[in-house]
Amino acid sequence: MVDFHPSAAEAVIAAKAREYARGTLAQQAGRYDDGEFPEGPARELARLGLMAIKSPTEYGGAGLTQVAYVSALREIAWACGSTAVTMAVTNMTGEMIATFGDDAQKDRWLRKIASGEMLSAAFALSEPSAGSDASSLGTKAVASDDGSFYTLDGTKSWITTGDRAGVVLTMARTGGPGAKGISAFLVDPALPGFGVLRHESKMGLRGSSTVGLAFEGVRVPTHERLGPEGIGFRVAMTALDGGRCGIGAQAVGIATGALEALVQGLGERKLVDRRLGLTQLVDFRIADMATRLEAAWLLVLRASQRKDAGLPMTREAAMAKVFATEAANFVCQRAMELATAHGLGTRGRIARALRDVRVSRIYEGTSEVQRIVIARELVAGLG
Amino acid sequence: MRMQHDETTAMIAKEVQNLVRAELADAAMKWNEGHGSAADALPKLGGMGLLGILASETDGGSELDDNVLAVVLEQLAIADAGLAALVAGHNIALAAGLRAGFGVSDASRDAMRACAGGDALLCWIDGRADGHLDDDSPAFELREGRLYGAVPSVIGAPTARYAITTVEQQSEFRIALVDLHGEGVDRNATAAERELVGLRSADAGPIRFDGAPVLADARKTGAQALGRTRARLAMAAILCGSARAAHEAGVRYTLERVQFGKPIAAFQPMQWQTADSTTELTGAQLLLGRAAASLVAATADAPDHVDRAVVAAFETARRVSDRALQMHGGYGYTTDYAVERPYRDVYALPLLGGTALAARARIAARLADAA
């Protein structure tokens, strides 16, 4: 029998996130939608143990599960998408250090992430010409003759909190073309040659900074290579498998916030609906929205449970992401339509949710990429 | 059945299209970033006679028809839905005011002539008690020649000089003209009130009347009903234009963007999406054309044709703009590309003509009546 109940520890951390999200963060979210980076919330998340949920306790992390992580992330996203994406990328980067890093790397970086000494961490894979086709990335990492460092040259695009991060997990090419020529590096942004390019002006998630990064002869010590040479793409795909569950959870959280705001507002407008002959139409739409979100959340939980059990979950993560993000967009679009009709404003929380949630179908692999992943996995299973 | 525009309509459409390509499309990108607003383009459009499309030449207008109005709005929306919404509200209000007999008295004559010539902007406020976009009940009360009440979002509220609105006086619905520069008018908006999900260039905002004197008022006769139907037709036209802009941008991008060694247009999922979008768009445009023609001919089923055009245009615009944004990937989420704007505008356009939900309810009610 499938057990969808969280463990006691998972429930505790989700409750902690919920209390902060509904008690404090929700009231501040409008500010971050105006473009202010959620620095205060990022520090508070670290204090609450939410920035390194899966990192080992000996390095300051919470030592919990993927289920705990997605449950907490959903609660934070309910209140503020910009804060949630900061939390997501920081946790994801920390998890990769915990998974692929050596003891010195874990000691050096994880403690700073978990304690909040570092405001956030960043994950740099995409490039101007390498979006969905990530394995074609062009950033180069050339080893020095004495083997003590690599020199990184290239440009990265759409890097979440790339200007705020204390460490940037960077994928760069150390070998030939294709996925096997890619390695992963932990780059300290204080290194000479590391530069922040333009800030993207985005439709939503406006509190979360999204920047380009320039690597111009950045000398990264060899001991900051994450794992052996050539496993960078595997690191990235591992990160994205877990990250895709996170994006699904984030999308479900944002959409749940929009749906709850809508239902609360509609309660006072039923009389008008009845007069206009809209009551059943509105009820049916709300029912569809709630049902899709529930199914989406269960897909996210299923993929997360498989990850916690050490089972293959690439297909399940892709399914969770494509279904959850499309369901969440459906919910926010319908919520906006109903909110507009009912004079609940074409602005405010639901409008913010509509704008914030849209990118969830794009980043960490578009819906189209998820479908390719799912189909390939199915075909491979037949073989 | 004619599927082509007549010579005059085609010529006007071409003129507007040229203006869109030469000036308005670039200007709209700046408006979206908060530099200026769509109202900046109104003098030019006034000079082309596009702010008095439905007014007679005697009243200072261009004496054209609803088909031309729809075509002009669709073209303008290719540049910017906010601009098209401003032009729509103005033309609809002007036609309603003239039909109600405004412009005959000394008090209203100058105002109406200034509006027909494009020297002053009018906004149109129909119904919306409690801000409900589909509620026909007037939001304003008329007592002893003065208006009281509030509406949270009106397209063009901060920039318009006059408003034509439905009002309630002792349980009777009337239509009234009011000077927004006069006493008892509050158009101040908080930052939150200005932050619409879409149509940002149109400067939508609240209007509150607290004893604002009316320049003229009249029993609503057919002016309100026709104005309402026109607003719905205008919304459908703008949705079609906005969707077309997004679709064309999407197609261009799939041809330019190379991933996995070839333009993404070479991938079947992209091809299906562009094919679906162009098919749906064609259908919505044909329904729009039929609705406009029925309104010009003043047939009894014109409101039904308009509602069908509204449902098709809304759903098409929602899907087409969504696909176009998705085709752009991360670039589509940024304001550097024009596709994020149509995606948002869809959800603010009901401010002009009500929602597609209510249009569905009306269509179903007519079907039930006919059965």
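In what follows, every chain begins at residue 1, and chains take the letters A, B, ... in the order their sequences are listed. All values below come from the heavy atoms of this structure, side chains included, with hydrogens, waters and symmetry mates left out.
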remark   = Between the CG atom in B:Leu351 and the OG1 atom in A:Thr340, the distance rounded to the nearest 0.5 Å is 7.0 Å
key: B:Arg318, part contacting chain A, at a heavy-atom distance under 4.5 Å   = side chain
key: Part of A:Arg285 lying under 4.5 Å from any heavy atom of chain B   = side chain
request  = Against chain A, label B:Arg341 side chain, backbone, both or neither, depending on which of its atoms sit under 4.5 Å from a heavy atom there.
outcome  = neither
ask   = Would A:Arg358 count as a cation-pi partner of B:Tyr343, with NZ or CZ less than 6.0 Å from the six-membered ring centre and within 45° of the ring normal?
value = yes
task = Assess the pair B:Tyr331 and A:Trp158: is the distance between their ring centroids shorter than 6.0 Å?
result = yes
request  = Heavy-atom pairs under 4.5 Å with chain A are the metric here; pick the option from B:Ala356, B:Gly329, B:Ala364 that has the most.
outcome  = B:Gly329
message = Are B:Asp336 and A:Arg198 packed together at the side-chain level, in the sense that at least one heavy-atom pair is separated by less than 4.5 angstrom?
response = yes
request  = Would you mind reporting whether B:Asp322 and A:Arg361 have side-chain heavy atoms less than 4.5 Å apart?
outcome  = yes
query = chain B: which of A:Lys202, A:Gln333, A:Arg371 shares the most heavy-atom pairs with it under 4.5 Å?
reply = A:Gln333
query = Who wins among B:Gly330, B:Gly261, B:Pro269, B:Pro350 for the most heavy-atom pairs under 4.5 Å with chain A?
reply = B:Gly330
key: Nearest atoms (heavy-atom pairs only) where A:Ser129 meets B:Gln259   = O-NE2, 2.7 Å
Beyond-backbone contact of B:Val197 with A:Met336, side-chain heavy atoms, under 4.5 angstrom = yes
query = What heavy-atom pair brings B:Arg257 and A:Pro128 nearest, and what distance separates the two atoms?
reply = NH1-O, 2.7 Å
query = Does a side-chain heavy-atom distance below 4.5 Å link B:Gln326 with A:Ser367?
reply = yes
task = Would you check if A:Glu368 and B:Met270 make a side-chain contact, meaning some heavy-atom pair closer than 4.5 Å?
result = yes
ask   = Side chain, backbone, both or neither: which part of A:Asp34 has an atom under 4.5 Å from a heavy atom of chain B?
value = neither
remark   = Between B:Tyr347 and A:Leu354, the two heavy atoms sitting closest are CD1-CD2, 3.7 Å
query = Just wondering, do A:Met203 and B:Thr335 contact through their side chains at under 4.5 Å, heavy atoms?
reply = no
message = Contact between B:Tyr333 and A:Glu200 at the side-chain level, heavy atoms closer than 4.5 Å - yes or no?
response = no
query = Around atom CZ of A:Arg376, are there more than 12 heavy atoms of other residues, nucleotides or ligands at under 6.0 Å?
reply = no
Under 4.5 Å from a heavy atom of chain B, the part of A:Ser201 involved = both
request  = Go through the atoms of B:Leu325 and report whether side chain, backbone, both or neither lie under 4.5 Å from a heavy atom of chain A.
outcome  = both
A:Ile372 versus chain B, the contacting section by heavy-atom distance below 4.5 Å = neither
